[in-house]
Amino acid sequence: MHNDVDRCVRAVQSKDARFDGWFFTAVTTTRIYCRPSCPVVPPKPQNMTFYPSAAAAQQAGFRACKRCRPDASPGSPRWNERADLAARAMRLIADGVVDREGVPGLGARLGYSTRQIERQLVAELGAGPLALARAQRAQTARLLIETTPLPMGEVAFAAGFAGIRAFNDTVREVFGLSPSELRARAAGRARPAPATTGTVSLRLPYRAPLFPDNLFGHLAATGVPGTEEWREGAYRCTMRLPNGHGIAGLRPADGHIGCRLALTDLRDLAAAVSRCRRLLDLDADPEAVDGLLAGDPLLAPLVERAPGRRVPHTVDPAEFALRAVLGQQVSTASARTLAARLVTAHGAPVEDPEGGLTHLFPAPGDLAALDPETLAMPRARRRTFTALTAALASAELDLGPGSDWQRAREQLAALPGIGPWTVETIAMRALGDPDAFTATDLGVRLAAGALGLPTTPAALTRRSRAWQPWRAYAVQHLWATGEHAINRLPA
């Protein structure tokens, strides 16, 4: 979009927040870059230059605006709509792979040479993987500087910088302020004081509108006791992270999602934020989704009633896949019970001073090492469960942010006992494919019949092609026609 100069200029002049994250505006006279909705007086069009990413603007020598904080804008929806090389690379960079494993590690995960990845990202985003990871480190540093009392040396280490000098230089170059000046500015703003040095409170932005009822209702209604809970108006869950574990508390608020993270290792902050954003589908473009679905006269009333529905995803794709198998052909309550028993018996214990979370969900490797006969489930499902845990533990099956969606579908379908419903449920919730469609789901078929849509899977699939590439969002609207706890924001 950044190449469509006229459209970008109109978005900046109208301060249109819908385009935040789609492109960035650099002002050649001030050497500052902004988000399109920046509240300051728009610059003259001849002084505007547009970039596809914050990293590209930083690489061109522009620093972030202190008013609109463009580095903290919602992420581009492009990276969650697609499964090509650039999109997969961007999801992995957001998860911190470059900081942990370098560009060669990114290439190994994607199956491409570092040169090919560099070429593709520069062509699409104007910056290579190192520059994109550097921009993310700067944003992580800013969060830690402004929301924690950590000494600057610890902030630099936690944000992923190799040394304090690189940390100081990057912060000064990107934000136009030293780390100490950033902290002093933040001290003048009202913000909650963290309980410990491992706790960070922040706001997660999104593109309006956002309909929270089914999003948080689904997570709370299907939550596994011990690893998830709804407490005092917030959804809370445990997370297994690259350097330790964490607990996330997510609360719907006006114009943002309140996020409180308790981490055993602050180096995991960027990964935790990325996973929370994916969990709540915060980088979606509701205008594009609702615009297409509302074009169907049978779906239009549903979209009008609840604009901005999101698809609830997961913080751990492997965990969700295993839970999907546990939930085959049983009720939501039974699936929760089965998963809770598994967590109690084999999950790693955690401490949660603020609530009732007690365990991490067991890792695939731990489950693969168990004697299958000890798993309390029907023989056919046990066979499916053990085949899936083995595929996940061996890394033969990749469901992570860098996975190839089509290949993952084929691998899942090849496992014994995994049919179309399980494949598409995993594709929708774990892979994050916005076009996943559970045509065989009973709730979807009942809703389709009530609306006058076909009810057989084959006919409904054909009819659903008009909703591509947003069929996963159509599923949310169809589910919402039924009376179920997943459709209601918990009290």
Side-chain angles (χ1 to χ4, degrees), residues 74-75 77 80-81 91 204 206-207 209-225 227-231 233-239 248-253 256-259 272-286 289-290 293 302-303 306-324 326-327 332-333 335-336 339 361 399 401 405 421-438 441 443-444 447 470-482 484-490:
N80 292 330
E81 295 169 9
R91 291 196 288 268
L204 302 181
Y206 58 78
R207 290 175 188 81
L210 180 142
F211 188 77
D213 294 31
N214 77 297
L215 183 59
F216 286 93
H218 202 122
L219 295 171
T222 61
V224 177
T227 67
E228 298 169 281
E229 68 173 0
W230 180 265
R231 179 178 291 267
Y235 166 77
R236 304 179 72 246
C237 66
T238 58
M239 293 188 290
L250 300 164
R251 182 189 310 273
H256 68 276
I257 299 295
C259 176
V273 170
S274 174
R275 294 179 192 192
C276 288
R277 294 193 65 82
R278 281 178 59 80
L279 170 72
L280 301 181
D281 197 17
L282 297 185
D283 291 327
D285 183 359
V289 175
D290 292 353
L293 297 182
L302 304 181
V303 176
R309 281 196 188 275
R310 299 304 207 268
V311 178
H313 292 147
T314 179
V315 294
D316 189 331
E319 172 189 330
F320 181 83
L322 294 167
R323 287 171 55 181
L326 292 177
T332 299
R336 294 180 70 211
F361 194 88
L399 303 178
W405 294 343
W421 180 87
T422 307
V423 170
E424 289 304 302
T425 298
I426 293 172
M428 179 169 59
R429 299 282 308 279
L431 297 178
D433 183 353
D435 201 38
F437 188 63
T438 52
D441 182 83
V444 169
W470 310 118
R471 290 187 295 179
Y473 296 88
V475 169
Q476 304 306 311
H477 284 288
L478 292 173
W479 276 341
T481 62
H484 197 286
I486 65 170
N487 298 317
R488 298 190 296 270
L489 189 70

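Side chains are part of it too, since the values below use all heavy atoms of this structure and drop only hydrogens, waters and symmetry mates.
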With the side chain counted from C-beta on, respond yes when [X] and [Y] share a heavy-atom pair under 4.5 Å apart, and no when they do not.
X: Thr238; Y: Phe361; value: no
X: Leu399; Y: Phe320; value: no
X: Arg310; Y: Leu210; value: yes
X: Leu204; Y: Cys276; value: yes
X: Leu219; Y: Trp230; value: no
X: Asp433; Y: Met428; value: no
X: Ile257; Y: Phe216; value: yes

Under 3.5 Å, is there a donor-acceptor pair between the side chain of [X] and the main chain of [Y]?
X: Asn214; Y: Arg309; value: no
X: Asp281; Y: Val311; value: yes
X: His313; Y: Gly432; value: no

Spacing of [X] atom [atom1] and [Y] atom [atom2] [to the nearest 0.5 Å]:
X: Cys237; Y: Glu319; atom1: SG; atom2: CD; value: 8.5 Å
X: Arg488; Y: His218; atom1: CZ; atom2: NE2; value: 13.0 Å
X: Asp213; Y: Ile486; atom1: CG; atom2: CD1; value: 12.0 Å
X: Glu228; Y: Arg236; atom1: CD; atom2: CZ; value: 12.0 Å
X: Met239; Y: Thr314; atom1: CE; atom2: OG1; value: 10.5 Å
X: Leu489; Y: Phe211; atom1: CG; atom2: CZ; value: 8.5 Å

Distance-only side-chain donor-acceptor flag, [X] / [Y], under 3.5 Å:
X: Asn80; Y: Arg91; value: no
X: Asp441; Y: Trp479; value: yes
X: Arg251; Y: His256; value: no

Check your understanding: Could you go step by step and tell me if Val315 and Arg278 meet the side chain to side chain contact (heavy atoms under 4.5 Å, CB included) rule?
Key -> CA-CA 7 Å; Val315 294; Arg278 281 178 59 80; over 6 Å; no
Shortest non-hydrogen contact from [X] toward [Y]:
X: Val224; Y: Ala339; result: CG2-CB, 3.6 Å
X: Thr222; Y: Arg323; result: O-NH2, 2.9 Å
X: Arg207; Y: Asp285; result: CD-CA, 4.4 Å
X: Pro212; Y: Pro252; result: CB-CB, 4.2 Å
X: Arg336; Y: Ala221; result: CD-O, 3.2 Å
X: Ala324; Y: Ile426; result: CB-CG1, 4.0 Å

Practice item. Dump the intermediate steps for side chain to side chain contact (heavy atoms under 4.5 Å, CB included) on Asp290 and Trp470, then the final yes or no. Key: CA-CA 9 Å; Asp290 292 353; Trp470 310 118; over 6 Å; no
Review point. With a 4.0 Å cut-off, would you call Asp283 and Arg277 a salt bridge?
Key: yes
Practice item. For Leu279 and Tyr235, run side chain to side chain contact (heavy atoms under 4.5 Å, CB included): C-alpha distance rounded to whole Å, both residues' side-chain angles, the deciding distance at 0.1 Å, then the answer. Key: CA-CA 11 Å; Leu279 170 72; Tyr235 166 77; 3.7 Å; yes
